[in-house]
Amino acid sequence: MTEQLSAPSLDFLAEQIAALLAEPSTSHGLARTLRAAVKEIEISRYHYTSSRAWPNGRIDAAPEKVQIGGGAHRIDGFYNIDAVPPADLLWDIREGIPLQDSTVRVMFSEHFLEHIDYPRSVKHYAREAHRALAPGGRLVTGVPDAAFVLRHYPGNPALSEEMVERWYAKRDCLGDINTFLDLINYVFRDQDDDPTYSPHLWAYDLEKLTQVFAEAGFESVEPWAFDPTIANPKRRWGSIYVIAMK
Ligand SMILES: C[S@@+](CC[C@H](N)C(=O)[O-])C[C@H]1O[C@@H](n2cnc3c(N)ncnc32)[C@H](O)[C@@H]1O
């Protein structure tokens, strides 16, 4: 594990950034970067607290079913690990998976992988998932399907409307995000300047997902048949899921 900034250092940094953000002379470009830093500081604070409780990077419990980056979407019987609340454990997965070796039967994530940096954190995550899974264990991963949007470009207007409706209906951005290429941009970067949403850092299709998990040592990687008792039903449309077997 990398050494964490201490809580007092984070507090100091957060105060300095808040002061800069409040200054009218702070440029738009600097403010964008500072807002991203504010999000990272929040994640670091939670991670710092948890890593003090589990200094060797492994929790005592050995849950058999684990969801990574589930946000508000809880799954019955799954232990949830996320960078921010609500979750059973707040942990920055880029620092590793805080679970003991060969203990997990099923690990699940959807619309999480594209939010961590490729290659460093994605490859680290795949290796860590392989380590934590028991022999025969399964890792299910769902992400926005880049091949889906690229296949439909140049888009038919009805499909653009459906995508806006499904992905953006709750957001106040329809004046700006409404063409087919805007929607391709969504898959590749999301709204990277919106304080509510985290950017997408890499895009995936079946070939890329298969490569990531095969390289990490998984025996097989296959498309996963969407199961709405586990996955978030709103993610079904326009996503791709794979199951990797250890
Ligand atoms: C777009 S949300 C998806 C939430 C849920 N899986 C769903 O499909 O509705 C991405 C989730 O990944 C979590 N996440 C992002 N980066 C993370 C990190 N480094 N460590 C742990 N969780 C992270 C976020 O906090 C958020 O809950």
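Residue indices begin at 1 and follow the sequence shown. For ligands, and for the atoms within them, numbers begin at 1 and follow the listed sequence.
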If you have a sec, work out which protein heavy atom is nearest [atom] and how many Å separate them, to one decimal?
atom: atom 21 (C) of ligand 1; answer: Ala83 N, 3.2 Å
atom: atom 5 (C) of ligand 1; answer: Gly70 O, 3.2 Å
atom: atom 17 (C) of ligand 1; answer: Phe112 CE1, 3.7 Å
atom: atom 13 (C) of ligand 1; answer: Asp82 OD1, 3.4 Å

I'd like to check which ligand 1 atoms, numbered from 1 as shown, lie under 4.0 Å from a non-hydrogen atom of [X].
X: Gly71; answer: 27 (O)
X: Asp92; answer: 18 (C), 19 (N), 20 (N)
X: Arg235; answer: 1 (C), 3 (C), 7 (C), 8 (O), 9 (O)
X: Trp91; answer: 20 (N), 21 (C)
X: Val84; answer: 25 (O)
X: His111; answer: 1 (C), 2 (S), 3 (C), 10 (C)

Is there a donor-acceptor pair under 3.5 Å between the side chain of Arg131 and the backbone N or O of Leu99?
->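 Yes, Arg131 side chain to Leu99 backbone: donor-acceptor pair under 3.5 Å.
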So [Y] and [X], do their side chains get closer than 4.5 Å, heavy atoms only?
X: Val84; Y: Ile43; result: yes
X: Arg74; Y: Phe78; result: no
X: Thr210; Y: Glu207; result: no
X: Ile97; Y: Met107; result: yes
X: His73; Y: Asn80; result: no
X: Ile59; Y: Trp91; result: no
X: Asp190; Y: Glu114; result: no

Between ligand 1 and [X], is the shortest N or O to N or O distance under 3.5 Å?
X: Glu110; value: yes
X: Lys234; value: no
X: Ile81; value: no
X: Gly69; value: yes

Could you check Glu110 against Tyr241 for side chain to side chain donor-acceptor pair (under 3.5 Å), going step by step and ending with a plain yes or no?
-> CA-CA 8 Å; Glu110 60 189 338; Tyr241 289 77; 2.5 Å; yes
For atom 20 (N) of ligand 1, which of Ile93, Ile68, Asp190 has the closest heavy atom?
->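 That would be Ile93.
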Could you tell me whether Phe213 and His130 have their ring centroids closer than 6.0 angstrom?
->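 Ring centres of His130 and Phe213 not closer than 6.0 Å.
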